Amino acid sequence: MGWKTLDDMELSGKRVLVRVDINVPVENGVVSDATRIARIVPTVRDILAKGGKPILIAHFGRPKGKVVPGLSLRVTVPALEKALGCKVRLIETLEGAENLTEEARAADVLLLENIRFHPGEEANDPEFAARLAGLGDIYCNDAFSAAHRAHASTEALAHLLPACAGRLMQAELEALEAALGAPKRPVVAVVGGAKVSTKLDLLGNLVAKVDTLVIGGGMANTFLAAMGLDVGRSLCERDMAGTAREIMARAGAAGCAILLPADVVVARELARGAPCEVVGAHACPSDAMILDAGPQAVARITAAFDAARTLIWNGPLGAFEVAPFDAATNAAARHAAALTQAGRLISVAGGGDTVAALNRAGAAEGFSYISTAGGAFLEWMEGKELPGVKALEGA
Ligand code: ADP
Ligand code: MG
């Protein structure tokens, strides 16, 4: 891989500009979920251990190039200090960062105020980037989740200073490389969720790269309808029928097997504990909705996992938020976790609802890697080049 890690850098006595993602949820002025903060700890600790001075750069919300007091990163300081076990000092302005006070010099870690307060950040403005570069000696990007954006702190900085990936970025890139770059075959991908239209690029890239593509969730309905089956009142994009057929044809040409549910769980309403039944995929009553994959479908999916060495998963197999329509997702997820724990499968999953579904199934811990990067994860899976990663490769 063409990027450096913290192991390749001489950090002693150096100011290290670290781009992190600490865009955490806040309730009543307090960080309500510190997961993202916990994930930057290895990078910051390693820099400190190697004698460097971390200067954290992060965004918070969408201030759109203006100072919005309600979007100050100050609210994250207590959570950062707790997670890092050291003194963190917020530097409110670039002038302040250029002329550090005695007190700021004494702090272990500096945190620049919300970088998106500056219009030059999202504009990837060269002058702004040069000014940022002047604040440090080394650039370390640990924000994979922001790597699909070419902003001053995610892209331009990598060209202006000696640059490397942080530990989280490194772990994410290594997991993705193992899943889709040079994977152990056979590779099975699960693509589920609501709509085909939001995942066209993903499906197109995967059919060319994986051996088996499991299609589930609402988007399976679109494929079933495109094959001429009646899907009743199911969530279904009828205008995507041609696209669905095209994806199936491309899969056929590339030698990728597509697995659609042979049986489905149908109900008249999407409500907790609603009366439901299992029917063949060809037998959805015209007044019912397909809300989950059936037991036969699950058996075929878990058999595909058994035969695979690598699994990539984005999108739940059913309307998992509402029991019992979480059954297929839960069963498949737990099977994948068990295979992974037995050393038989490399499993990588990502996507907002997917991570929630795997957590709900109690399966997330068992996966090889769960990406919390959202949009960046999807763009990587779609085969797109991420500007933040590309800039590191050139560095
Ligand atoms: P992710 O955020 O992981 O990329 P998506 O946003 O694409 O996933 O899809 C998740 C949504 O798809 C969930 O809200 C889930 O309820 C919905 N969904 C899955 N299967 C069905 C279905 N058969 N009918 C209606 N909604 C479904
Ligand atoms: Mg979603």
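Note that this is a predicted model, so its numbers are computed, not measured. Indexing begins at 1, ligand by ligand and atom by atom, following the structure's order.
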Do any N/O atoms on [X] end up under 3.5 angstrom from N/O atoms on ligand 1?
X      : answer
Ile290 : yes
Asn314 : yes
Ala194 : yes
Gly218 : yes

Those residues at least two apart in sequence (or on a different chain) that pass salt bridge (charged side-chain N to carboxylate O under 4.0 Å, His left out) with Asp353 are none
Short version for Lys195: what comes under 4.0 Å of ligand 1, heavy atoms counted, is neither
Honestly, for Leu235 the part within reach of ligand 1 (heavy atoms, under 4.0 Å) is side chain
Is the shortest side-chain N to carboxylate O distance from Glu321 to Arg360 below 4.0 Å?
no
Top protein contact for [atom], by heavy-atom distance:
atom                    : result
atom 6 (O) of ligand 1  : Asp353 OD2, 2.9 Å
atom 14 (O) of ligand 1 : Glu321 OE2, 2.5 Å
atom 18 (N) of ligand 1 : Gly318 O, 3.8 Å

Listing protein N, O or S under 2.8 Å around the Mg ion (ligand 2) gives Asp353 OD2
